[in-house]
Amino acid sequence: MIRQATKYDISEIIGMMKKFRAESPILDLMDVEDEDYWRQMLNDIFAGKGKIFYEEGKGLLMCMIMPSIWSPQVLVLHELAWYVLPEHRHTTVGYRLVKAYLNYAEQLVKSERIRYYTLNKMVSSPNLKYEKLGFRKIDEIWIQ
């Protein structure tokens, strides 16, 4: 069952994020270990700067509200990490996580707390039809 993570889930979330990083194509981050930073960021999320949608032992979707680059008054909800453990892929877990995120994001837009929200796609992500979820591609990120 998808639920909002709490501070009591921090250790499990950090463990899951390390698994996510291990599958990431960003090799320069494989040896970065800063749990104090992670705990502070997670505490900021739990304090109201975002949410973590979580299915224990299966997956998570982490998002954070941040100012846009154009104005600190224009807030945006950014998906930071969307990860499902390999043994739970090809089930409904990933879809249910993103659906919880989309519902939350739409509530924030309707209440005018944020202007828009994002969903990322890494080169290692499955080839989902983001357009069917209402998204349009406006950016690509390249790394060196």
Side-chain angles (χ1 to χ4, degrees), residues 1-69 72-141 143:
M1 177 176 83
I2 305 296
R3 65 176 173 82
Q4 290 181 33
T6 70
K7 64 182 181 179
Y8 301 106
D9 299 309
I10 286 177
S11 294
E12 290 82 11
I13 290 167
I14 290 172
M16 196 173 287
M17 290 304 298
K18 287 180 179 182
K19 291 177 182 180
F20 178 48
R21 179 184 59 196
E23 293 182 43
S24 168
I26 306 173
L27 302 176
D28 294 334
L29 298 178
M30 294 302 164
D31 63 343
V32 176
E33 288 294 329
D34 192 344
E35 282 202 23
D36 290 338
Y37 170 75
W38 267 93
R39 289 178 187 282
Q40 181 57 53
M41 182 181 63
L42 294 173
N43 285 326
D44 288 347
I45 289 171
F46 297 138
K49 291 185 179 180
K51 296 247 188 257
I52 300 173
F53 300 99
Y54 183 59
E55 184 151 349
E56 200 165 333
K58 295 184 179 181
L60 60 75
L61 192 150
M62 182 184 313
C63 57
M64 187 175 245
I65 299 168
M66 298 179 222
S68 78
I69 62 167
Q73 286 78 37
V74 176
L75 298 179
V76 180
L77 180 67
H78 290 284
E79 173 257 318
L80 302 176
W82 178 19
Y83 180 69
V84 176
L85 291 167
E87 60 270 24
H88 297 287
R89 294 177 189 161
H90 307 291
T91 68
T92 62
V93 175
Y95 175 77
R96 289 183 290 119
L97 286 165
V98 80
K99 191 68 174 161
Y101 169 72
L102 296 175
N103 290 338
Y104 172 60
E106 282 300 317
Q107 289 172 6
L108 292 176
V109 169
K110 285 179 185 167
S111 70
E112 298 182 350
R113 183 163 178 213
I114 64 166
R115 184 80 55 93
Y116 63 90
Y117 50 96
T118 67
L119 189 60
N120 301 308
K121 182 176 186 292
M122 293 179 71
V123 295
S124 58
S125 297
N127 194 19
L128 302 173
K129 303 292 183 204
Y130 286 68
E131 298 84 4
K132 287 187 176 185
L133 297 172
F135 289 91
R136 65 188 189 285
K137 181 179 176 180
I138 64 164
D139 199 2
E140 286 188 48
I141 297 174
I143 191 168

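Here the structure is a predicted model, which means the values were calculated and not measured. Just so you know, these numbers use all the heavy atoms, side chains as well, and skip hydrogens, waters and symmetry mates. Numbering starts at 1 and runs along the sequence shown.
- Here the side chain of Arg89 pairs a donor or acceptor atom with the backbone of Val84 at under 3.5 angstrom.
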* To do: Could you give me the CA-CA distance, side-chain angles and deciding distance for Met16 and Tyr83, then say whether side-chain contact (heavy atoms from CB on, under 4.5 Å) is met?
  => CA-CA 8 Å; Met16 196 173 287; Tyr83 180 69; 3.6 Å; yes

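- Between Val109 and Arg115, the closest side-chain pair of non-hydrogen atoms is not below 4.5 Å.
- Taking the charged nitrogens against the carboxylate oxygens, Glu12 and Lys7 have no contact shorter than 4.0 Å, which rules out a salt bridge.
- What you find for Phe46 and Ala5 is that their closest heavy atoms are CE2-O, 3.4 Å.
- If you take CD on Glu112 and CG on Leu75, they are separated by 12.0 Å, rounding to the nearest 0.5 Å.
- You'll find the side chain of Met66 reaches within 4.5 Å of the side chain of His78, heavy atoms only.
- The two residues Leu97 and Leu60 come nearest to each other via the heavy atoms CD1-N, 3.5 Å.
- In this structure, Lys18 pairs ionically with Glu35, as a charged nitrogen and a carboxylate oxygen lie closer than 4.0 Å.
- Summarising the geometry, atom CG belonging to Leu61 is positioned 8.5 Å from atom CG belonging to Leu80; distances are rounded to the nearest 0.5 Å.
- Going from atom CD1 of Ile65 over to atom CZ of Arg113 covers 3.5 Å, rounded to the nearest 0.5 Å.
- Atom CE of Met64 and atom CD1 of Ile52 lie 8.5 Å apart (nearest 0.5 Å).
- Between atom CD1 of residue Ile13 and atom CE of residue Met41 there is a gap of 9.5 Å, rounded to the nearest 0.5 Å.
- The pair Glu55-Arg96 meets the salt-bridge criterion, with a side-chain N (NZ, NE, NH1 or NH2) lying under 4.0 Å from an Asp/Glu carboxylate O.
- Side chains of Gln40 and Asp44: a donor on one and an acceptor on the other come within 3.5 Å.
- Contact annotation: the side chain of Trp82 never approaches that of Cys63 to less than 4.5 Å [non-hydrogen atoms, C-beta and beyond].
- No side-chain heavy atom of Gln73 sits under 4.5 Å from any side-chain heavy atom of Ser68.
- Between the side chain of Asp9 and the backbone N or O of Thr6 there is at least one donor-acceptor pair closer than 3.5 Å.
- Among all heavy-atom pairs drawn from Pro67 and Pro72, the shortest one is CB-CA, 3.7 Å.
- Salt bridge present: Arg3 and Glu56 bring a charged side-chain N and a carboxylate O closer than 4.0 Å.
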* To do: Evaluate the criterion side-chain contact (heavy atoms from CB on, under 4.5 Å) for residue pair Ile2 and Lys99; output intermediate values, then yes/no.
  => CA-CA 10 Å; Ile2 305 296; Lys99 191 68 174 161; over 6 Å; no

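- At distances below 3.5 Å, at least one donor-acceptor pair connects side-chain atoms of Asn120 with backbone N or O atoms of Glu79.
- Of the inter-residue distances, the one linking Leu77 atom CG with Tyr116 atom OH reads 11.0 Å to the nearest 0.5 angstrom.
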* To do: Please assess Glu106 against Asn103 for the test side-chain contact (heavy atoms from CB on, under 4.5 Å), listing each intermediate value before the final yes or no.
  => CA-CA 5 Å; Glu106 282 300 317; Asn103 290 338; 5.9 Å; no

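- Atom CD of Glu87 has more than 12 neighbouring heavy atoms from other residues, nucleotides or ligands inside a 6.0 Å radius.
- Side-chain atoms of Tyr54 and Gln4, non-hydrogen and from C-beta on, never get closer than 4.5 Å to each other.
- Relative ring orientation between Tyr101 and Tyr117 is described as perpendicular, the plane-to-plane angle rising above 60° on a 0-90° scale split at 30° and 60°.
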